[in-house]
Amino acid sequence: MSAFMVILFSAHFYTVYTFASLAILLFTAQYILKVTWLSVFYITYLALLLPFFIVNGLLTGTGLQAPVVWYNPAQIINLRMLTIPFEDIFYGMDLILLNMIIYTFLIKKNCQPQNTAQASVQLPQIMLIPTKIHDK
């Protein structure tokens, strides 16, 4: 879908940037880094959309006399949810996914043994949604 949006709206810089970067990040996560948490990321991102709509709605002018953040109509497709540009949903996904990729990389890098004489180090499990609650 991201590649389709880049081609379809190639005259809109913000749209192209948002969907091209999302396509690159998703491809990198899925096929280069081969992360195992991508499906959980999608579900978690859906949960993050509620606070996203509240904050981004206020920033783009929902309920305000003037928006805090203004978008050049020539650079977006002008499809909005209230005052929020459609692209912002996927730009937010870009930002969260990029942070998760960097975090995963840093955790992996910091958990690698410094020399071959060291014992094997277990990578910590990165959990976006707890799957089990432990009693103490």
Side-chain angles (χ1 to χ4, degrees):
M1 180 183 124
S2 291
F4 175 73
M5 293 294 286
V6 168
I7 294 166
L8 187 62
F9 297 105
S10 60
H12 305 283
F13 177 75
Y14 184 61
T15 306
V16 168
Y17 170 79
T18 298
F19 286 102
S21 61
L22 183 58
I24 290 166
L25 285 173
L26 288 171
F27 181 85
T28 301
Q30 182 74 42
Y31 298 107
I32 296 173
L33 301 175
K34 297 179 180 167
V35 299
T36 58
W37 46 258
L38 204 51
S39 60
V40 176
F41 169 77
Y42 294 133
I43 295 166
T44 304
Y45 189 70
L46 283 174
L48 291 174
L49 285 177
L50 179 62
F52 164 82
F53 278 117
I54 294 169
V55 172
N56 202 346
L58 287 171
L59 289 173
T60 56
T62 301
L64 302 176
Q65 289 183 1
V68 176
V69 177
W70 177 83
Y71 292 84
N72 183 346
Q75 302 304 326
I76 61 175
I77 59 175
N78 266 332
L79 176 61
R80 293 179 181 255
M81 289 137 307
L82 297 175
T83 56
I84 303 167
F86 175 72
E87 294 92 336
D88 272 10
I89 294 170
F90 300 95
Y91 183 73
M93 185 183 279
D94 277 341
L95 297 177
I96 302 295
L97 183 57
L98 179 61
N99 278 285
M100 289 301 301
I101 289 171
I102 291 169
Y103 179 77
T104 302
F105 171 77
L106 291 174
I107 290 293
K108 231 179 204 179
K109 181 181 173 197
N110 288 332
C111 290
Q112 296 300 319
Q114 296 302 313
N115 63 43
T116 56
Q118 288 181 325
S120 169
V121 175
Q122 284 281 60
L123 292 177
Q125 293 295 317
I126 298 174
M127 309 238 343
L128 299 175
I129 299 174
T131 56
K132 186 175 181 182
I133 298 175
H134 298 281
D135 294 327
K136 289 194 176 205

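Along the sequence shown, residues are numbered consecutively beginning with 1.
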Does Val55 belong to the same Ile/Leu/Val/Met/Phe/Trp/Tyr cluster as Val69, with side-chain heavy atoms less than 4.5 Å apart forming each link? yes

What distance separates Thr83 OG1 from Asn56 CG, expressed to the nearest 0.5 Å? 7.5 Å

One pair to check against side chain to side chain contact (heavy atoms under 4.5 Å, CB included): Trp37 and Thr104. What are the steps and the verdict? CA-CA 10 Å; Trp37 46 258; Thr104 302; 3.4 Å; yes

Which of parallel (below 30°), tilted (30 to 60°) and perpendicular (above 60°) describes Phe9 and His12? tilted

Any non-hydrogen side-chain atom of Phe86 less than 4.5 Å from a side-chain atom of Ile76? no

Hey, any chance Tyr103 and Ile24 share a hydrophobic cluster, counting ILVMFWY side chains that come within less than 4.5 Å of each other, even indirectly? no

Looking at Leu97, Leu22, Thr15, which hits side chain to side chain contact (heavy atoms under 4.5 Å, CB included) with Phe90? Leu22

What are the two closest heavy atoms between Ala29 and Ile101, and how far apart are they? CB-CD1, 4.0 Å

If we only count heavy atoms from C-beta on, is the Phe4 to Phe19 side-chain gap below 4.5 Å? no

Ser21 versus Asp94, closest heavy-atom pair with distance: OG-OD2, 2.6 Å

Just so I know, are the side chains of Met100 and Tyr45 near enough to count as touching, which here means a heavy-atom distance under 4.5 Å? no

For Asn99 and Leu95 the tightest heavy-atom approach is ND2-O, 2.7 Å

Nearest heavy-atom contact between Glu87 and Thr18 is O-CG2, 3.5 Å

Check the pair Leu58 / Val68 against side chain to side chain contact (heavy atoms under 4.5 Å, CB included), numbers first and verdict last. CA-CA 8 Å; Leu58 287 171; Val68 176; over 6 Å; no

Are Leu98 and Phe52 joined in one hydrophobic group, where the rule is that I, L, V, M, F, W and Y side chains link up if heavy atoms are under 4.5 Å apart? yes

In this structure, would Tyr17 and Leu25 fall into the same cluster of hydrophobic residues linked by side-chain contacts under 4.5 Å? no

Measure from the side-chain N and O atoms of Tyr14 to the backbone N and O of Gln75, and report whether any donor-acceptor pair falls under 3.5 Å. no

So Trp70 and Asn72, do their side chains get closer than 4.5 Å, heavy atoms only? yes

Are more than 12 heavy atoms from other residues, nucleotides or ligands located less than 6.0 Å from atom OH of Tyr91? no

Check the hydrophobic clustering (I, L, V, M, F, W, Y; side-chain heavy atoms under 4.5 Å; chains of links allowed) and say if Leu33 and Ile96 are grouped together. yes

Sole candidate of Asp88, Asn78, Ile84 that passes side chain to side chain contact (heavy atoms under 4.5 Å, CB included) when paired with Tyr71: Asp88

